[in-house]
Amino acid sequence: MFKTLTDNALCMDRRRFVLLSTIGGLSLSLPFSCSQATMEEQDPQLLQAKSLAAIWNPDEIKKIGDLYRTQFPGEKSEGVLIKKLLAQLPSDPSDIENALQRLTIKDFQDQATVLLNGWLLSRTEARQCALFSLTQ
Amino acid sequence: MHIDAKNLEDKAILEADICIVGSGAAGISIALDWDGRAEKVILLEGGGFEYEDPFQNLNAGTTSGQKYYPLKSSRLRYFGGTTGHWAGMCAPFDEIDFMPREWVPHSGWPITREELDPYYGKANKTLQLGPNDYTFEYWRKELENLNPFPFDDQILWNKMWQYTQTQMGPTYKEQIENSKNITLYTHANVTNIQTNEGVNTAESVEIRSLDGKTQTVRAKHIILACGAIQNARLLLASNQQATNGLGNDNDLVGRYFMEHLEISCAELWLSKPFPTDLYSWNYGVTKASAEIGLTLEAQKEHQILNGTASLFPLRIAQHQKPRMEIWQDDDPRKAAEAMFENWGTAQQKAAAENKGAIARAFQLNVRIEQAPNPNSRVTLGTEKDALGTPRPNLNWELTDLDKRSLRKTFLIIANEVGRSGIGRVRLEDFLWDEQDMSWPEGTNGGWHHMGTTRMHSDPQQGVVDANCQVHGIQNLYVAGSGCYATSGAPNPTLTLVALSLRLSDHIKSQLT
C-alpha cells in the first residue's frame with residue numbers, strides 16, 4: 001500500500017503529497033530522484049501532526065477522522081479536505097509542516113475548533129485526521 | 001475547663017456571657033478568641049473527644065434530589081468537629097465571590113473581601129498555615145519547580161492553596177481545658193433555643209442528654225456553630241415561640257444549601273512532559289500548590305460561576321470510583337475506609353502504567369461554586385432522633401447555570417491548552433452536548449455545607465445580617481459557612497474561620 005501511495009504521490013501536486021504525509025506516523029521512503037523542492041531533506045517523522053501523534057496511535061487518529069467526516073458530511077471526500085487545507089497553506093511545500101502548526105495555533109486563537117468524541121481540536125488538525133482516515 | 005455534661009444534675013442551670021454551640025472549626029476559633037478575657041464562655045459540644053456512635057447517630061437524616069452522601073457520615077460530632085477527618089485544603093475566597101453578579105441569581109454578600117482580609121490573616125494562624133500570602137508569585141519564589149502552564153493570564157490564572165494537617169480538637173484541647181474563662185461541656189446536645197416573649201432576644205439554650213436529663217444555659221450572646229445543616233435544623237426545631245422556627249419569618253432558614261461540585265470533567269493529555277510541581281499535591285508534604293482558575297474577566301464574559309480545575313494522574317484516576325459512589329456508609333469511619341481502599345487499589349493498578357502517553361495525562365477535576373438555589377434546602381423530617389429533635393432532610397438541587405458553567409469552564413481550558421501547544425483536552429461525555437442538563441452518577445460534592453442561614457442586609461433575603469446576627473434577634477448569631485451568600489471556588493474552612501473571628505470581634509464591640 002505504501003509503495004502504491006508513493007508511486008501515486010510522484011504524480012501529485014507536491015503540496016498535496018506533503019499534506020497527506022503529515023499525520024499519523026506514516027514513515028515514507030521517497031525516491032531521491034523524484035524530490036523536487038527539499039523533500040529529500042525532510043525527515044518524514046517531522047511531517048506528523050506533532051501534538052496528536054504524541055497522544056494518539058494511527059487507529060485513534062483514523063477514528064477521529066471518521067468522526068469528523070460523519071459530523072461534517074460536506075467535507076467527507078479527500079478532494080474537499082485537501083482543497084480546504086491547501087487554501088490556507090503556503091505554496092512552498094517545505095514550509096507546510098510549520099504552516100500547519102501555525103494554523104493549528106491560530107485556530108485555537110480564533111476558536112475555530114471542533115469537539116469530536118470529547119476532544120477539542122483545531123479545525124485544521126481535525127481535517128488532517130479526516131484526510132488520514134481516507135488513506136487507511 | 002472541661003465538664004462532661006453526662007455528670008450534670010438534671011435541670012441544672014448554667015450561665016455565661018457567651019455560649020457557643022458546637023466545637024468545630026468555627027466554634028473553637030471563636031472560643032480561642034475569648035481565652036484569657038474577663039467574660040465567661042461556655043462551649044457546648046454534642047459528642048465527646050472521640051467518635052461515639054450514639055452521638056454520631058444524632059447527625060443522621062435523609063436526603064432527596066441529587067444523590068448525596070449520608071448525612072450521618074458527612075459531618076463529625078465530637079470535639080473538633082469535621083476537622084477530625086478533613087483534607088486541610090485552604091484558600092481564601094476571591095473578590096468576585098463577594099460581588100453581586102447579574103448572571104448569578106442571589107449573588108452578592110453584604111461584606112467585601114477587603115473587610116474579611118484582616119481575619120484571613122488570623123485564620124491562617126488558627127489553622128497553622130504558612131504566611132497569609134496566596135499569590136502564585138510569592139510561592140514561586142519560596143518553592144522549587146512551580147512552573148506554570150503557558151496560558152493567557154487574561155483568561156486563566158493559578159489559584160494557590162496551602163495545606164494544613166491541623167485537626168482542631170487535638171490541637172486546641174489542652175488550651176481549652178486549661179482556660180480559666182472557657183468551660184467546655186462535652187455530650188451537651190442543644191435541642192432548643194429559648195427567646196423572650198417578643199422573640200427578639202435569645203435567653204437560653206436547652207441541653208438534653210441520652211439518659212433523659214435536661215439542662216439550661218443562659219447567656220448574653222448565643223452563637224450557633226454546629227455546621228450549616230445542624231444550625232438550620234436547630235433554628236427550625238426551635239419553634240415553640242415562633243411556629244416556623246427562629247429567624248424564619250421569611251421562610252429562608254435551610255434554603256440555599258450549597259456545595260462545591262467536585263467532578264471529573266476532562267482529561268488533559270500533554271504532548272511532552274512538562275516539568276512542574278505547581279499542580280501537584282502530596283498530602284502531608286506539599287506546602288502550596290495551584291489549581292487552574294478562570295479570571296474575573298472570563299467569568300464575566302461567559303457569564304459562568306467561579307471554579308477551578310485540579311490535575312490528578314490519569315493512570316491512577318481511571319481506576320478510581322467516584323466518591324459519591326463509594327462514600328455511602330452511614331458510619332464515617334467505614335465510608336472513609338472504603339474510599340481509601342479504592343484509592344489504594346487504583347494506585348496498585350496504575351503502577352504498571354507509568355509509560356507512554358498516559359504517563360503525561362491528567363484527570364481534570366472541577367471544584368466550582370454552586371449557584372444559590374432556594375429549592376436546595378434543609379428541612380425537618382418527620383422522624384425524630386433519640387433526643388426528640390426532628391431529623392433533617394437535605395434536598396440537594398442543582399441548576400442549569402451549574403451545568404453550563406462546568407461545560408464552558410472546560411471548553412475554555414481546553415482551548416487554552418490547544419492554543420498554548422502543550423497538549424489536548426478531552427471532555428467527559430456528560431459535557432459534550434450543550435443542551436444536556438443532566439448530571440452523571442459521579443457528581444461529587446466536597447462535603448462542604450454552605451448557605452442555609454445566608455447573609456444579607458435585607459431580612460427578606462437573608463437569615464443573618466452582615467455581622468452574622470440573626471435578623472430580628474439581637475443576641476443570636478450564626479457562625480460558619482451556613483452564612484455564605486455564595487459558595488465561592490475554594491474549600492470553605494479558611495473563610496469560615498475568618499468570618500467566625502470577625503463575628504467574635506463584632507460581639508466584643510457589643511459589650512458595654
Side-chain angles (χ1 to χ4, degrees), chain A residues 22-25 43 45-68 70-72 85 88 97-130 132-133, chain B residues 149-152 154-156 263-274 292 298 301-302 309 314-315 318 355-364 366 406-436 440:
Chain A
T22 56
I23 189 131
D43 179 350
Q45 296 297 322
L46 292 178
L47 303 180
Q48 301 164 22
K50 289 182 179 172
S51 292
L52 297 183
I55 297 168
W56 295 337
N57 61 34
D59 283 344
E60 284 156 354
I61 295 173
K62 179 183 183 313
K63 187 174 157 188
I64 289 293
D66 286 340
L67 204 50
Y68 182 85
T70 304
Q71 205 161 307
F72 299 94
L85 283 165
Q88 302 175 83
E97 184 224 347
N98 289 332
L100 283 167
Q101 295 282 354
R102 288 193 298 269
L103 251 184
T104 294
I105 301 289
K106 188 170 184 308
D107 281 349
F108 282 107
Q109 283 170 343
D110 298 340
Q111 293 177 38
T113 55
V114 292
L115 199 65
L116 296 169
N117 213 34
W119 292 97
L120 188 73
L121 303 178
S122 92
R123 179 70 74 143
T124 298
E125 65 190 352
R127 284 175 174 149
Q128 288 179 272
C129 293
F132 178 77
S133 70
Chain B
F149 286 143
F151 297 147
D152 183 343
Q154 300 299 303
I155 300 173
L156 299 176
I263 310 172
S264 168
C265 286
E267 297 169 5
L268 164 64
W269 290 72
L270 297 175
S271 304
K272 57 184 182 182
F274 191 98
I292 302 164
E301 179 187 344
H302 297 285
L314 183 62
R315 68 186 191 284
Q318 64 182 350
K355 52 187 181 236
I358 200 168
R360 34 186 165 79
F362 299 88
Q363 182 185 63
L364 293 176
V366 77
L406 276 192
R407 186 171 192 272
K408 196 64 186 174
T409 294
F410 284 88
L411 284 172
I412 292 170
I413 291 175
N415 200 76
E416 267 303 292
V417 166
R419 188 201 61 74
S420 66
I422 62 170
R424 293 293 180 271
V425 167
R426 181 177 186 272
L427 269 61
E428 297 287 355
D429 56 11
F430 76 99
L431 295 176
W432 291 2
D433 180 357
E434 67 176 331
Q435 305 302 323
D436 173 12

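Protein chains get the first letters and strands the later ones, always in sequence-line order, with residue 1 at the start of each. Below, all heavy atoms of this structure are taken into account, side chains as well, without hydrogens, waters or symmetry copies. Here the structure is a predicted model, which means the values were calculated and not measured.
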B/Trp269 CH2 to A/Trp119 CH2 distance, which is reported to the nearest 0.5 Å
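Between B/Trp269 CH2 and A/Trp119 CH2, I get 6.0 Å after rounding to 0.5 Å.
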Using non-hydrogen atoms only, which part of B/Leu411 is less than 4.5 Å away from chain A: side chain, backbone, both, or neither?
both
Contacting moiety of B/Asp429, where chain A heavy atoms sit under 4.5 Å
neither
Heavy-atom nearest pair, B/Arg424 first then A/Leu120, reads CD-O, 3.8 Å
If you take all heavy atoms of A/Ala54 and B/Ala357, which pair is closest and at what distance?
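Looking at all heavy atoms of both residues, the shortest contact is O-CB, 3.8 Å.
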Qualifying residues under side-chain hydrogen bond (donor to acceptor under 3.5 Å, both in side chains), relative to A/Lys62, sequence neighbours excluded
A/Asp66
For B/Arg426 and A/Asn117, indicate whether the former's side chain and the latter's backbone hold a donor-acceptor pair under 3.5 Å.
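Between the backbone of A/Asn117 and the side chain of B/Arg426 there is a qualifying donor-acceptor contact (under 3.5 Å).
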